[in-house]
Amino acid sequence: MYYEQRLELSQITERHFGISVPVEKIQIDFLGAPVGIPFNYTIQKYSTDNDHIILENEKGLYLHKEAYQALEAMRVESEKEGIYLQLNNTYRSYSYQKHLHNKLGAKQAERPGYSEHHLFTAIDLERVTNKKFLWLLRHAFDFGWVPSYYFREGSAIKKEPWHWRYVGKLAAAKFRCAWKEEIDRRIWKLKKK
């Protein structure tokens, strides 16, 4: 994406949401959506056509087909090291996000219409221990997944090691490079625990 467009996104995010995301850290995912900043992704209905699939064996959760395939590949590798990536949440409708926002408040749930869960590409994992988070920070980028809410500054949303978004391998590699210092610092701290 062009610098001017990313600059505009950075300025809008700061002005309207009070969240500071430096221009050089904004990446664009495989769907053309910015990563790690609130943005209006309002989706009125979900689809189960060829672009999205329902995860029948996982509580009827919805996920984009490419994201699901990347998740399955990542699970194969993580399980070799005893790390099990169980899903707690994926796609959320506008009305369900509104319910969560009203129930949990602005520190635990994005406003309806602004959640990455509307995109069919975000997941919340169950029981993310330090060991699991460390594994994810070391390997998830290789599968196209990023901790999109974890490193941004000034957000009312608390840091969520369980929240990951599939952005594609290219955007994930760029995200890893852009946030390298912060990611490496978190890895170092997790290794000491």
Side-chain angles (χ1 to χ4, degrees), residues 9 12-13 16-19 21 25-75 84-128 132-133 136-137 140-141 143-152 154-169 171-172 175 179:
L9 282 171
I12 288 170
T13 301
H16 292 288
F17 298 96
I19 298 170
V21 181
K25 297 197 184 240
I26 297 174
Q27 303 305 318
I28 305 302
D29 75 4
F30 74 112
L31 295 171
V35 179
I37 65 173
F39 198 76
N40 190 340
Y41 295 120
T42 305
I43 295 174
Q44 297 302 323
K45 309 191 313 185
Y46 57 82
S47 167
T48 56
D49 61 16
N50 291 334
D51 292 333
H52 305 92
I53 66 172
I54 184 169
L55 308 183
E56 300 275 0
N57 60 341
E58 298 190 47
K59 307 173 202 169
L61 301 175
Y62 291 89
L63 200 59
H64 188 282
K65 188 175 189 175
E66 187 177 327
Y68 180 67
Q69 291 167 345
L71 175 63
E72 286 301 294
M74 185 166 66
R75 282 176 161 165
Y84 298 92
L85 304 176
Q86 305 298 333
L87 295 179
N88 183 38
N89 208 314
T90 58
Y91 169 78
R92 291 185 196 148
S93 67
Y94 183 93
S95 60
Y96 185 63
Q97 188 67 28
K98 183 177 181 180
H99 164 75
L100 283 180
H101 183 75
N102 291 340
K103 179 182 176 183
L104 302 174
K107 291 190 177 194
Q108 293 186 33
E110 284 281 10
R111 294 181 308 181
Y114 292 83
S115 173
E116 291 183 343
H117 287 283
H118 296 326
L119 292 170
F120 295 95
T121 59
I123 60 174
D124 287 344
L125 297 167
E126 288 185 354
R127 295 181 291 282
V128 176
K132 188 180 289 187
F133 190 41
L136 287 163
L137 286 175
F141 301 99
F143 296 92
W145 292 91
V146 299
S148 54
Y149 282 6
Y150 195 82
F151 295 104
R152 66 186 188 180
S155 172
I157 303 289
K158 65 181 182 176
K159 295 192 181 302
E160 299 181 342
W162 58 84
H163 178 91
W164 290 77
R165 175 170 159 197
Y166 179 74
V167 297
K169 289 183 179 181
F175 184 99
W179 292 94

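Residues Ala67 and Thr121 come closest through the heavy atom pair CB-CA, 4.5 Å. Across all their heavy atoms, Ile28 and Ala171 have their closest contact at O-CB, 3.2 Å. The shortest non-hydrogen separation linking Phe120 to Leu63 is O-CD1, 3.3 Å. Annotation for Tyr62 and Thr90: closest pair O-OG1, 2.6 Å, computed over non-hydrogen atoms.
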ask   = After noting the C-alpha distance and the side-chain angles of Arg165 and Asp29, does the key distance pass the side chain to side chain contact (heavy atoms under 4.5 Å, CB included) rule?
value = CA-CA 9 Å; Arg165 175 170 159 197; Asp29 75 4; 2.6 Å; yes

ask   = Tyr91 and Leu61: side chain to side chain contact (heavy atoms under 4.5 Å, CB included), yes or no, with the steps?
value = CA-CA 7 Å; Tyr91 169 78; Leu61 301 175; over 6 Å; no

task = Please report the C-alpha distance between Met74 and Leu136 in whole Å, then the side-chain angles of each, then the deciding distance to 0.1 Å, and finally whether the side chain to side chain contact (heavy atoms under 4.5 Å, CB included) criterion is met.
result = CA-CA 9 Å; Met74 185 166 66; Leu136 287 163; 4.2 Å; yes

message = Before you tell me yes or no, could you show the steps for Leu87 and Leu125 under side chain to side chain contact (heavy atoms under 4.5 Å, CB included), namely the whole-Å CA-CA distance, both residues' side-chain angles and the distance that decides it to 0.1 Å?
response = CA-CA 5 Å; Leu87 295 179; Leu125 297 167; 3.9 Å; yes

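Checked options Tyr166, Tyr68, Tyr150; the residue passing with Trp145 is Tyr166 (criterion: ring pair (Phe, Tyr, Trp, His ring centres under 6.0 Å)).
Judged purely by atom type and a 3.5 angstrom limit, Gln97 has no side-chain atom pairing as donor or acceptor with the backbone of Gly113.
In this structure, the salt bridge (charged side-chain N to carboxylate O under 4.0 Å, His left out) partners of Glu126, at least two apart in sequence or on a different chain, are Lys59. Taking the side chain to side chain contact (heavy atoms under 4.5 Å, CB included) definition, one finds that Tyr96 meets it with Asn89, Arg92, Ser93, His99, Leu100, sequence neighbours left out. Every residue two or more places apart in sequence or in another chain was checked for a salt bridge (charged side-chain N to carboxylate O under 4.0 Å, His left out) with Lys132, and none qualifies.
Relative ring orientation between His163 and Tyr149 is described as parallel, the plane-to-plane angle staying below 30° on a 0-90° scale split at 30° and 60°. Classification of the Tyr94-His118 ring pair by plane angle, with boundaries at 30° and 60°, yields parallel.
With a 4.5 Å cut-off on side-chain heavy atoms, Val128 and Glu160 do not count as touching.
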